[in-house]
Amino acid sequence: MASRTLWINNSDSGRYRFSDEHPFHPVRLELTEDLLSKCDAIDNDQVAPSFSMEETERIIRAIHRSDYIDCVIDLSTDSPSDDAIKQAIRYGLEEDGDTPYFPGMHESAVAISAGSIAAADAVMSGRAEHALHLAGGLHHAFPDRASGFCVYNDAAAAISYIREKYNARVLYIDTDVHHGDGVQWFFYTDPEVFTLSIHETGKFLFPGSGFPHERGDSSGYGACLNISMEPYTEDDSWLACFNQAVEHAARSFRPDIIVSQHGCDAHAYDPLAHIHCSMRIYREMPKIIHRLADRYTQGKWVALGGGGYDHWRVVPRAWGMLWLEMNEHPLLASIDSEPNGGLLPEQWPDISSDKADGPLPKTWLDDVASWTPMPRRKEISEKNKANLEIALQHIG
Ligand SMILES: [Zn+2]
């Protein structure tokens, strides 16, 4: 049944949790599932199980260094060894850092990779046309260290699996506001994996990379594209650059499958970045990717989650609209035609919202007309366009 979209069950990934105060928190998944169930948008028969943990561990061992994995395993116990605690900083897992170790870290990080591999397998085997795994998208993890809330790189694991088992050409599209550095470096010399990332410029934001001149190396030269955006970029400029870049990449690379990462931290409300986009980009980007998949990959599309730190006001709407788009859900007609996207279900959310950063939104999109336009809009758009032109040189 090729027109189906699968939802990868992420209950085991829910244990990937640093602390209650940490921005990368599983409440983001709960709120999204709650919103979609209030819309009656997930059928039981769309919910698919994860992948074998054993096989996933094998794939993780193939892409991550064994001394790093061994340290993660040690730090995941209730009482890590003194040696592992001493080594933690070297592997990016220090207690007071961005990615602090916690009990159960190894198992839950493997579970996240298993979900992303399950999505890749469902789509490549033809069991589904599209698959979504929202707990995935840990794009900053490196072969030998954790970084930016990411322990194992599930996107790289899923792509490696696709390469190994199906020998397919993968176009990876990363829409998180932070550069998809981990995935880029994993495949920097691989001509069969094209990595594209749109993000706030590394001049001002973690991880400090993703510049237009990063284009891949040796036989992978030209299979890497970085769209570096100025702080305070707004919807029109973001979408124009994104559209032009992905069209160009898909046309020149001719992928067999698209794997996309849907961090939704480029929203103006997001506390960790400086981009000034609205919910409109989270309606439009999935639509653009969907169209590319129809045109170039016979629909084959795996979507993953990612960053997004306004848990209540931004993430559930953004990820909700991603799922709706993957399903060509009838609700999209009203989101596309009613003022500000039409009303969210009245009963949402079920979870108490005292932790929200402000009043919860009532509509799917934002009332952008009430926002103050950025004073340097023209200058910012021109700089973005110039950066894109530089990035596109030498691609196809
Ligand atoms: Zn991010």
Side-chain angles (χ1 to χ4, degrees), residues 13 16-18 21-29 31-32 92 97-100 109 112 116 132-142 145-156 158 172-186 195-211 214 225-233 235 238 241-242 245 259-279 281-282 285-286 289 303-319 321-322 357:
S13 323
Y16 189 84
R17 178 192 188 122
F18 298 96
E21 293 69 43
H22 195 283
F24 197 94
H25 195 283
V27 71
R28 307 178 315 140
L29 297 167
L31 287 164
T32 305
D98 283 347
T99 321
I112 288 178
S116 299
L132 175 63
H133 181 233
L134 285 175
L138 302 182
H139 60 167
H140 295 306
F142 279 72
R145 68 182 162 88
S147 174
F149 317 155
C150 305
V151 176
Y152 297 142
N153 198 314
D154 62 290
Y172 172 75
I173 299 176
D174 190 313
T175 69
D176 196 285
V177 79
H178 302 94
H179 175 224
D181 57 342
V183 184
Q184 168 174 307
W185 303 126
F186 265 105
T195 61
L196 180 157
S197 177
I198 183 167
H199 45 262
E200 179 175 338
T201 169
K203 275 184 297 185
F204 303 109
L205 192 68
F206 177 90
S209 52
F211 294 101
E214 292 166 32
L225 178 57
N226 282 294
I227 308 125
S228 166
M229 307 298 276
E230 290 296 293
Y232 309 111
T233 293
D235 291 346
W238 183 280
C241 291
F242 180 72
V259 175
S260 53
Q261 194 268 20
H262 294 266
C264 48
D265 35 10
H267 193 281
Y269 294 164
D270 195 89
L272 300 191
H274 322 95
I275 297 293
H276 217 262
C277 288
S278 78
M279 291 312 300
I281 68 165
Y282 299 113
M285 288 194 294
I289 295 170
L304 309 172
Y309 306 102
D310 194 309
H311 302 164
W312 295 81
R313 297 181 298 174
V314 174
V315 184
R317 290 189 293 164
W319 288 356
M321 288 195 290
L322 168 62
D357 295 315

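One-based numbering, in listed order, for ligands and for the atoms of each. Excluded from the calculations below are hydrogen atoms, water molecules and symmetry mates; all remaining heavy atoms, backbone and side chain alike, are included.
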Would a 4.5 Å heavy-atom cut-off, applied to side chains only, mark Phe24 and Cys150 as touching?
no
Using ring centroids (six-membered ring only for Trp), state whether Tyr309 and Phe149 fall under 6.0 Å.
yes
May I have the angle between His178 ND1 and Asp265 OD2 with its vertex at the Zn ion (ligand 1), rounded to 10°?
100°
Restricting to N, O or S atoms, which atom of Asp176 is closest to the Zn ion (ligand 1)?
OD1
I'd like to know: is the Zn ion (ligand 1) within the 2.8 Å range of an N/O/S atom from His139, strictly under that distance?
no
Do the side chains of Val183 and Asn153 get nearer than 4.5 Å, heavy atoms only?
yes
Aromatic ring proximity, centroids under 6.0 angstrom, His140 and Phe206:
yes
